[in-house]
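As structure tokens, the structure follows; a few thoughts come after it.
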Amino acid sequence: MLLFDYMGTNVVFGFSGNYEQIETMVEEVLDHSPHFSTSQRIYDTEHVEDDEWQMVETKGNQFIVNGQPFYVNGFNTYWLMVLAADQSTRGKVSEVFQQASSVGLTVCRTWAFNDGQWRALQKSPSVYDEEVFKALDFVVSEAKKYKIRLILSLVNNWDAYGGKAQYVKWGKAAGLNVTSDDEFFSHPTLRSYYKAHVKAVLNRVNTLTNITYKDDPTVFAWELMNEPRCTSDSSGDTLQSWIAEMAVYVKSLDAKHLVEIGLEGFYGPSAPARAQFNPNSYATQVGTDFIRNHQALGVDFASVHIYADSWISQTISDAHLQFTTSWMEAHIEDAEKYLGMPVIFSEFGVSVKDPGYNSSFRDALISTVYKTVLNSTKKGGSGAGSLLWQLFPDGMDSMDDGYAIVLAKSPSTAKLISLHSSRLAILNSMCSWKCNWGCRKKNALETILYHDL
């Protein structure tokens with residue numbers, strides 16, 4: 001047996017056992033160790049030095065930081081920039097980061113766009129509201145304070161916060177002959193509008209940190225678009241062309257950061273045998289193609305969303321959990337077999353508005369996602385993490401779409417999240433320690449943790 005000190009906790013390696021035993025032992029560590037308490041922050045951010053705050057990279061089908069594995073347990077909070085633009089609501093940004101940190105969440109996905117709307121970042125093509133940009137500066141700066149990395153999405157497929165529809169409106173106002181919102185993907189001028197926005201965001205120098213966004217390790221990745229769809233071309237060719245151009249363009253401006261597309265994960269014409277995993281027949285007709293899209297040059301990892309209550313049936317049932325497992329396992333397999341990259345389940349949740357909803361079912365759904373990720377992780381697979389939709393501080397009911405999780409009001413869910421964060425933190429440390437001894441990661445994940453009480 002070999003002793004290893006993790007944050008002052010004595011852990012013994014060298015006892016072999018199966019994964020179920022590991023789960024039990026990890027829970028015992030968490031129950032008794034002050035360093036992995038579910039009621040306190042998992043990570044002591046004051047002890048993370050700047051030289052450890054490095055870019056996230058990929059190595060094969062896994063994320064790494066400083067050459068060591070990095071597993072993602074994170075969340076979505078899309079409205080951060082908009083609320084940061086008003087001093088009276090800016091505190092909500094700090095509040096949600098603090099609460100996320102308290103349960104060990106380390107990655108947040110949020111919008112780096114608001115096009116032509118209330119508190120717009122981009123008021124018209126390449127015309128920005130400096131005060132709103134300063135609000136985004138605050139979001140990035142505050143995220144680093146809590147050691148939370150950001151996936152920044154650059155435009156919306158949907159009308160909320162402007163989206164591709166706003167770009168088409170701008171095009172019409174400029175005299176372009178465009179009739180469909182999907183021409184966002186194909187019209188050269190609209191493509192140039194989007195590229196200009198990408199350039200403006202990536203080259204932004206943060207007024208609080210003086211760090212250019214494209215040089216800031218706080219940014220985990222750039223997301224090309226939230227949930228792109230091009231229903232006017234079910235062959236997928238139009239969207240594929242856009243992805244191929246934009247992924248390479250982002251990389252031409254910023255070769256350091258990771259790039260992902262923002263897809264929901266629907267299978268398309270390039271993989272007809274995989275269509276059986278789609279939630280419905282319509283999913284094959286929206287112009288996306290999970291495998292083909294992610295094979296585009298410049299794309300570093302895959303994204304998948306999970307909404308059984310929207311895609312299968314709104315009424316809560318065990319079928320939702322069964323779908324979630326099969327949907328995740330299919331994409332993990334494809335990420336390993338065809339893509340050779342990590343996959344993040346970057347949106348998942350269930351609405352309190354669904355018939356039959358109760359908090360126990362939400363916890364069951366979250367457990368299903370976490371378990372499926374861990375089942376992949378223990379084998380060194382492509383399942384690299386997940387992001388809850390969505391985390392809210394208290395007092396924001398007016399912005400709740402039904403999916404909001406307020407940790408203070410959801411103690412069982414908070415404990416579940418914290419437990420998963422702790423497991424991943426331990427696995428990260430185990431992998432780092434074992435890798436330093438030249439051992440394979442999979443062997444580290446088969447090792448039992450023992451806490452010397």
Side-chain angles (χ1 to χ4, degrees), residues 17-27 56-65 68-75 104-107 109 151 220-221 258 260 263-265 267 271 274 277 290-291 294 299-306 308 321-348 364-388 416-417 419-432 434-435 439-449:
N18 61 33
Y19 187 64
E20 287 69 26
Q21 289 176 295
I22 294 175
E23 292 282 283
T24 300
M25 297 299 287
V26 166
E27 290 190 22
V56 179
E57 302 173 294
T58 58
K59 183 177 182 180
N61 64 354
Q62 296 181 341
F63 295 115
I64 58 171
V65 177
Q68 304 300 344
F70 181 77
Y71 301 108
V72 174
N73 193 24
F75 63 103
L105 297 173
T106 57
V107 177
R109 177 170 170 265
I151 296 177
F220 181 103
L258 303 178
E260 55 107 350
L263 290 169
E264 295 159 283
Y267 291 102
R274 306 303 274 174
F277 293 105
F290 176 75
I291 295 175
H294 282 106
V299 177
D300 295 297
F301 66 92
S303 64
V304 179
H305 295 180
I306 312 169
L321 303 181
Q322 294 163 6
F323 166 78
T324 296
T325 300
S326 63
W327 181 245
M328 291 180 69
E329 289 177 346
H331 288 85
I332 290 170
E333 180 183 352
D334 293 332
E336 293 167 359
K337 187 175 181 181
Y338 300 109
L339 303 176
M341 61 175 56
V343 57
I344 289 183
F345 298 92
S346 51
E347 286 190 26
F348 73 97
L365 174 66
I366 294 172
S367 294
T368 298
V369 172
Y370 286 170
K371 181 179 180 181
T372 307
V373 168
L374 286 169
N375 283 342
S376 174
T377 299
K378 71 176 183 180
K379 298 181 290 187
S382 285
S386 59
L387 308 174
L388 290 156
L416 190 63
I417 296 168
L419 176 62
H420 186 61
S421 296
S422 300
R423 286 170 175 152
L424 294 183
I426 293 171
L427 293 178
N428 283 335
S429 299
M430 288 170 66
C431 288
S432 299
K434 295 291 281 188
C435 288
C439 297
R440 292 186 179 181
K441 172 175 172 284
K442 68 177 183 178
N443 290 335
L445 297 180
E446 290 170 357
T447 306
I448 285 188
L449 285 173

Listed pairs under 3.5 Å, donor-acceptor, residues 380-388 side chains, sequence neighbours left out:
unit_1 : atom_1 : unit_2 : atom_2 : d
Ser382 : OG     : Asn61  : ND2    : 3.4
Ser382 : OG     : Met341 : O      : 3.0

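Within the 4.5 Å cutoff, the side chain of Trp327 has no heavy atoms near those of the His305 side chain. No side-chain heavy atom of Phe70 sits under 4.5 Å from any side-chain heavy atom of Ile64. Between Thr324 and Phe348, every side-chain heavy-atom pair lies at or beyond the 4.5 Å cut-off. Side-chain contact between Ser376 and Met328 is absent, with no heavy-atom pair separated by less than 4.5 Å. Taking the side chain as every heavy atom from C-beta outward, Ile332 and Thr372 approach each other to under 4.5 Å. The closest side-chain heavy-atom distance from Ile344 to Arg109 is not below 4.5 Å. Taking the side chain as every heavy atom from C-beta outward, Phe75 and Ile417 never approach each other to under 4.5 Å. Residues His420 and Leu374 form a side-chain contact, since some pair of their non-hydrogen atoms from C-beta on lies under 4.5 Å apart.
Every residue meeting the side-chain hydrogen bond (donor to acceptor under 3.5 Å, both in side chains) condition with Glu260, not counting sequence neighbours, appears here in chain and number order: Ser303.
One distance of note links CG of Leu321 with OG1 of Thr368; it measures 4.5 Å at 0.5 Å rounding. The CZ atom of Phe277 sits 9.0 Å away from the CD atom of Glu329 when rounded to the nearest 0.5 Å. Here Thr377 contributes atom OG1 and Tyr370 contributes atom OH; the two are 12.5 Å apart, rounded to the nearest 0.5 Å. The CD atom of Gln62 sits 11.5 Å away from the CD atom of Gln68 when rounded to the nearest 0.5 Å.
Among all heavy-atom pairs drawn from Ile291 and Leu339, the shortest one is O-CD2, 3.6 Å. Of all heavy-atom pairs between Tyr71 and Thr106, the closest is O-OG1, 4.5 Å. Here the closest non-hydrogen pair linking Leu258 and Phe220 is CB-O, 3.8 Å.
Checking side-chain atoms of His331 against main-chain N and O of Gly265 turns up a donor-acceptor pair under 3.5 Å.
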In sequence, state the C-alpha distance, the side-chain angles, and the governing distance for His294 and Asp334, and then conclude on side-chain contact (heavy atoms from CB on, under 4.5 Å).
CA-CA 10 Å; His294 282 106; Asp334 293 332; over 6 Å; no

